[in-house]
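In the text below, chain A, chain B and the rest are named by the order of the sequence lines, each starting its count at 1. From a predicted model like this one, the values you see are computed outputs, not experimental measurements.
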Amino acid sequence: MVPPPHPLEDEWLWGWDPTPGIVSVWAEPDGRAFIWKRQPGTHARLREDARYRPWVLLASLQDLEHLGDALRPEGLPPVPPVPGAVTYRELEGPGALRFLVSAEDGRALASAVLKGASKRLDQRVGHLRDLGPAAALALPPEEQYLVATGRTYFRDLVFDDLRRLQFDLETTGLDPSRDRIFLVALRDPDGRSETLEVTADGDAGEADLLRRLVARIREADPDVVENHNLHGFDLPFLDQRAKRLNVPLALGRAGLPGLRHRPSARGAALNRGPGGRDADAMRRARYTVPGREFIDTLDAVRRHDFAARDLPGHGLKAVARHLGLSGPDRELIPGARIHEVFLKDPERVRRYAREDVTEAAGLAHLLGGAAFALARMAPRRYERLADAGPATGVLDPLMVRAYVRSGAALPAHESGDGTSHSGAALHLFATGVARHIVKADVASLYPSLMRQYRIGPKRDRLNALLAMVDRLVDQRLDAKARAKKAPPGSAERHTHEAISAAMKILINSAYGYLGAVGLTRFSDVHAANEVTRRGRELLGLMCRELAHRGVTLLEADTDGVYFAVPEAWTETDERRVVSEVAALLPPRVKLEFDGRYAAMLSHEPKNYALQPYAGPLLLRGVAFRSSRAEPYGEDFLRRALQHLLAGDVRAVRDTYVDAVMALRRRQVPTFEVSAQVRLTKSPSQYLATRKQRRELPYEALLTNGREHWSLGERVRIYRATGGRAGLLPEALTEDGEPAPRPAPGEPTGDDARDYDVEYYVRLLKDSFAARLARGLAPEDFATVFADPDQPSLFTPSLADARPVLTVVRAPRGPEFGEDAQVVGAPPFSP
DNA sequence: ATCTTGCGGGG
DNA sequence: GTGTACGCAAGAT
């Protein structure tokens with residue numbers, strides 16, 4: 001490989017120790033570190049037992065003065081220092097955390113500091129943290145080890161070199177204080193799936209199952225254990241059951257402690273039952289174990305969807321189906337029915353559970369690459385990087401390592417000076433329907449502005465953040481190019497795509513890091529405001545210049561613009577205006593042609609419908625994507641929008657009339673008007689508040705003879721005739737099995753269809769049809785959605801009716817660059 | 001209309 | 001061994 005041209009920045013990003021194959025690190029505060037490695041390309045595994053010198057950063061040495069001669073500068077004889085000595089090195093520069101203090105045993109070091117601090121403050125200080133972040137920085141032991149050595153995980157390994165095991169619990173319910181584990185599906189690192197089951201009732205049977213599970217995991221000896229919602233369900237459930245049944249959960253690698261908690265903002269809160277909202281019980285934790293890494297695919301899904309925003313939900317089945325990981329014969333069983341199905345047809349549940357672990361493995365491979373690649377860079381455990389937020393979770397450790405490596409004193413967190421943070425621009429130029437739509441946007445606007453105008457945190461005297469963003473952008477282009485060259489489906493392509501994804505996460509979080517005042521070490525509200533100010537200015541300039549070239553602006557948000565072009569324009573014309581405007585922008589700000597659509601309904605800011613030239617209608621924003629909307633209404637809205645966007649107002653009317661008539665003739669199955677809700681109150685809780693306030697879901701249960709239900713249960717409810725609340729019984733197949741969701745219009749057996757027709761007619765108009773209002777002139781709207789059974793004396797024809805577009809503002813004024821000069825402005829200086 | 005609370009994932 | 005998740009919709013007032 002060509003030697004890197006920026007050795008310093010590359011050390012900041014990648015560390016410096018070349019040790020290959022590290023798959024897990026565990027360090028104890030007493031200075032012992034355990035490093036598990038694999039030989040790249042083989043399954044050979046070995047453990048290195050090392051010692052490291054635990055360290056902390058302190059703002060002052062005063063609390064260690066009581067040590068006398070046992071406190072000495074680094075490098076003075078005797079080298080190495082005598083056991084028990086505390087050594088220090090003063091870092092250079094203005095940062096507050098300027099003494100790097102270390103000792104052979106981290107606990108002795110901490111207690112020496114705490115002893116001094118307790119004396120100085122005349123009160124017992126129990127923990128370094130209690131000194132405050134401006135006085136001390138103490139990383140977790142593994143991170144101390146990784147920062148000090150410059151090692152990182154996974155050097156020279158590819159994703160599939162890791163031995164990964166997935167397991168999935170099947171339980172009789174969601175509450176581990178009451179419910180039991182009766183089956184575990186497990187996929188071993190070679191891809192073989194199996195199930196373990198209880199063979200006896202009661203505690204003995206379940207305890208035996210847990211023992212077999214632990215033994216099986218130890219035998220398979222995976223580096224990584226994963227599942228969907230692993231930290232939120234399987235591990236806490238397993239932990240509680242094992243405690244109750246007195247089964248030791250020795251899931252880690254030999255000779256070290258078993259399952260532990262680690263604090264985490266995103267961890268599970270097992271005892272957060274509905275109603276149970278006592279603050280102490282809300283403490284969240286993640287699980288950790290020496291020698292293996294626990295990876296939750298739900299984290300990868302969230303991270304993916306944060307950018308992509310195209311997933312129907314974050315559940316395993318929905319995501320797997322969406323990403324094409326599910327087979328056509330995927331076994332599906334509603335969660336609440338799994339145990340009863342198991343009693344009648346165990347093979348079906350075995351199949352279901354095996355498919356769960358197979359999909360979890362597929363999901364881990366497809367979406368887990370970014371975390372794997374981050375672990376090659378940042379000095380943290382892989383499992384922590386997998387659930388970390390990118391700013392405090394990844395960038396900050398990189399910054400800390402950069403400063404310590406460079407011998408520079410590190411700034412402490414600083415609260416803001418009261419300046420408030422200003423945000424991005426959002427302009428709505430026109431509402432209604434337009435045709436010939438173009439979307440243009442700037443890729444990674446904020447990091448581009450940071451680079452273009454050299455806007456970085458004031459206290460970052462090494463300029464490490466900007467330097468790292470620069471290197472990341474360059475190296476990401478390289479990774480993308482390599483990925484493209486590698487054969488599709490190859491490990492090489494997966495690796496480079498993963499690196500690119502990881503870098504994208506870091507690049508795009510640099511701005512968030514800057515703006516998180518009081519939360520991140522280098523936050524700088526003035527720099528962040530300068531970034532958004534430049535962003536607003538550029539967006540305004542783009543809008544004005546586009547408008548000058550004859551397009552109709554529709555909506556602009558942060559870094560992108562939707563506009564309509566004249567009928568006669570070709571795609572070449574569309575691309576030409578985008579590149580003309582792009583040429584007016586600073587070099588690092590790349591305005592790109594992002595897509596073209598046949599038509600758009602602009603409803604409200606960030607709420608619109610797009611009709612592509614080919615393919616299904618796209619709906620964006622809460623107005624169009626309500627999660628609990630009744631299926632009949634969603635179906636109507638989709639069809640009506642397609643007609644409206646095609647310019648066929650008459651067909652919108654027909655769609656509406658059909659929908660109303662179908663309701664009035666009760667041709668619509670009850671399922672289609674029902675909404676799924678989740679029960680959050682227990683029967684007794686609801687009965688306590690029922691007098692003050694009646695709630696449809698619970699009324700539906702009570703009036704249908706159900707006085708018992710469990711928290712978290714999901715039911716489908718509807719409004720029945722006579723003001724009653726309807727409960728949709730779960731549809732069953734002939735075998736008495738739960739039926740899959742019926743296709744729209746599919747007959748649904750003995751459906752009473754006793755829903756309140758006029759309520760649903762009103763809902764259709766007031767809630768669903770209302771979302772088309774911007775696209776029609778008021779009189780046309782009234783005509784289109786007039787009640788078909790109440791013909792008025794004068795019914796206007798819709799033959800000439802056309803969708804309308806209403807301009808609500810023009811791109812004029814200072815925010816559109818009429819006064820400000822953007823291009824060629826001097827670089828920002830703090 | 002505005003404020004508050006609870007949800008997500010999992011069986 | 002800390003948390004401050006976080007962004008949104010339904011419910012409460």
Base, sugar-phosphate, or nothing: which does [X] touch, judged by heavy atoms less than 4.0 Å apart?
X	value
A/L316	sugar-phosphate
A/N227	nothing
A/L139	base
A/D305	nothing

For C/dG1, does OP1 or OP2 lie under 4.0 Å from any side-chain N or O of A/R129?
no

Just jot down the salt bridge (charged side-chain N to carboxylate O under 4.0 Å, His left out) partners of A/E197, sequence neighbours excluded, or say none.
A/R350

Just jot down the salt bridge (charged side-chain N to carboxylate O under 4.0 Å, His left out) partners of A/D356, sequence neighbours excluded, or say none.
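Here the qualifying residues are A/K317, A/R330.
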
Candidates [options] - which lies nearest the side chain of [X]:
X	options	answer
A/T171	B/dG10, B/dG11, C/dG1	B/dG11
A/I338	B/dG11, C/dG1, B/dG9	B/dG11
A/H314	C/dT2, B/dG9, B/dG11	B/dG9

A/R241/A/D179 salt bridge by N-O under 4.0 Å criterion
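Between A/R241 and A/D179 there is no salt bridge, as every charged N stays at least 4.0 Å from the carboxylate O atoms.
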
Does the A/D296 side chain pair with the main chain of A/H228, one donor and one acceptor, at a distance under 3.5 Å?
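Not confirmed, A/D296 side chain does not pair with A/H228 backbone.
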
